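See below for the structure under consideration.
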Amino acid sequence: MKFYSGDFYSIINILFIFQVKFNAKYQIDVVNQERDKLNLTRVVENPCLNAAAQSHSKYMASKYAVTQDSAEGDLLSLLQAFGMKSFNVATINMGGSYFCDQDFLKALSTEPTNVENMLDPDVRLIGLAVAESTKGIPYWTQIFSNGKCTK
């Protein structure tokens, strides 16, 4: 039997039946705990950002790649496509191959840019999502912004 590199995750999922465990409330709580330490305004979940994050995670899953590209173009175009208006800051954290929130957040915490995104004093809103590729590889997205959701 011949295996291809992409088959690895499929085999692991079949053998061990990994299931992605996604808990938006947990991620928001962890982000807000860190923001509280710096006396920053807490972020709240936003439906427009959730929709944008879901679209982005699905896009990454379809490409089998963690990427800032999206079907809509850049991050600003993505947010506008999902109803965000009047914002002056937008940042994104992404990851792939994590099967739970804790592992995703742990990986984010090792990258200074991701930590800066979570602790940006200008953001007030968060959107979160995860989508699996056809091979069972999860792709995670956090989007931070301010502004108004019009949808």
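Predicted model only: the values in this text are computed from it and were never measured.
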Rounded to the nearest 0.5 Å, how far does [atom2] of [Y] lie from [atom1] of [X]?
| X | Y | atom1 | atom2 | answer |
| --- | --- | --- | --- | --- |
| Ile92 | Gln68 | CD1 | CD | 6.5 Å |
| Phe144 | Leu75 | CZ | CG | 11.5 Å |
| Leu40 | Lys37 | CG | NZ | 12.0 Å |
| Thr113 | Met118 | OG1 | CE | 10.5 Å |
| Ile143 | Thr91 | CD1 | OG1 | 9.0 Å |
| Asp69 | Asp74 | CG | CG | 9.5 Å |

Give a yes or no answer on whether the side chain of [X] reaches the backbone of [Y] with a donor-acceptor pair at less than 3.5 Å.
| X | Y | result |
| --- | --- | --- |
| Arg35 | Asp120 | yes |
| Asn32 | Val43 | yes |
| Lys151 | Ala81 | yes |

Quick one: does NZ or CZ of Lys148 land under 6.0 Å from the six-membered ring centre of Phe87, within 45 degrees of the ring axis?
->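 Output no; distance or angle outside limits.
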Of the non-hydrogen atoms in [X] and [Y], which two are nearest, and what is the gap between them?
| X | Y | result |
| --- | --- | --- |
| Val123 | Asn117 | CG2-O, 4.3 Å |
| Gln80 | Lys85 | O-NZ, 3.9 Å |
| Ser109 | Val115 | O-CG2, 3.7 Å |
| Pro138 | Val130 | CB-CG2, 3.9 Å |
| Leu79 | Ser145 | CD1-OG, 4.1 Å |
| Thr67 | Met60 | N-SD, 3.5 Å |

Who pairs with Phe22 by ring pair (Phe, Tyr, Trp, His ring centres under 6.0 Å), at least two apart in sequence or on another chain?
-> Trp140
Non-neighbouring partners of Ala129 that pass side chain to side chain contact (heavy atoms under 4.5 Å, CB included), sequence neighbours left out |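 Testing Ala129 for side chain to side chain contact (heavy atoms under 4.5 Å, CB included), a comparison that skips the adjacent residues, returns Ala53, Gln54, Ser57.
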Do you see a donor-acceptor pair shorter than 3.5 Å between the side chains of Asp122 and Asn88?
-> no
Return yes if a side-chain donor-acceptor contact under 3.5 Å exists between Tyr139 and Ser97, otherwise no.
->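 The criterion, which ignores hydrogens and geometry beyond distance, is not satisfied for Ser97 and Tyr139.
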Side chains of [X] and [Y] in contact at under 4.5 Å (non-hydrogen atoms):
| X | Y | value |
| --- | --- | --- |
| Leu78 | Tyr59 | no |
| Val44 | Leu125 | yes |
| Thr141 | Asn93 | no |

Pair Leu49-Phe82, side chain to side chain contact (heavy atoms under 4.5 Å, CB included): steps then yes or no = CA-CA 7 Å; Leu49 294 182; Phe82 286 92; over 6 Å; no
Audit row: Met84, Asn46, side chain to side chain contact (heavy atoms under 4.5 Å, CB included) steps and yes/no = CA-CA 10 Å; Met84 286 302 293; Asn46 179 275; 3.6 Å; yes
Check the pair Met94 / His56 against side chain to side chain contact (heavy atoms under 4.5 Å, CB included), numbers first and verdict last.
-> CA-CA 9 Å; Met94 305 158 293; His56 189 72; 3.3 Å; yes
Could you give me the CA-CA distance, side-chain angles and deciding distance for Gln142 and Leu108, then say whether side chain to side chain contact (heavy atoms under 4.5 Å, CB included) is met?
-> CA-CA 10 Å; Gln142 290 180 335; Leu108 292 180; 3.3 Å; yes
Show me, pair by pair, the donor-acceptor contacts under 3.5 angstrom made by side chains of residues 98-106, not counting sequence neighbours?
residue, atom, partner, partner atom, Å
Asp101, OD1, Asn23, N, 3.2
Asp101, OD1, Gln27, NE2, 2.7
Asp101, OD2, Asn23, N, 2.8

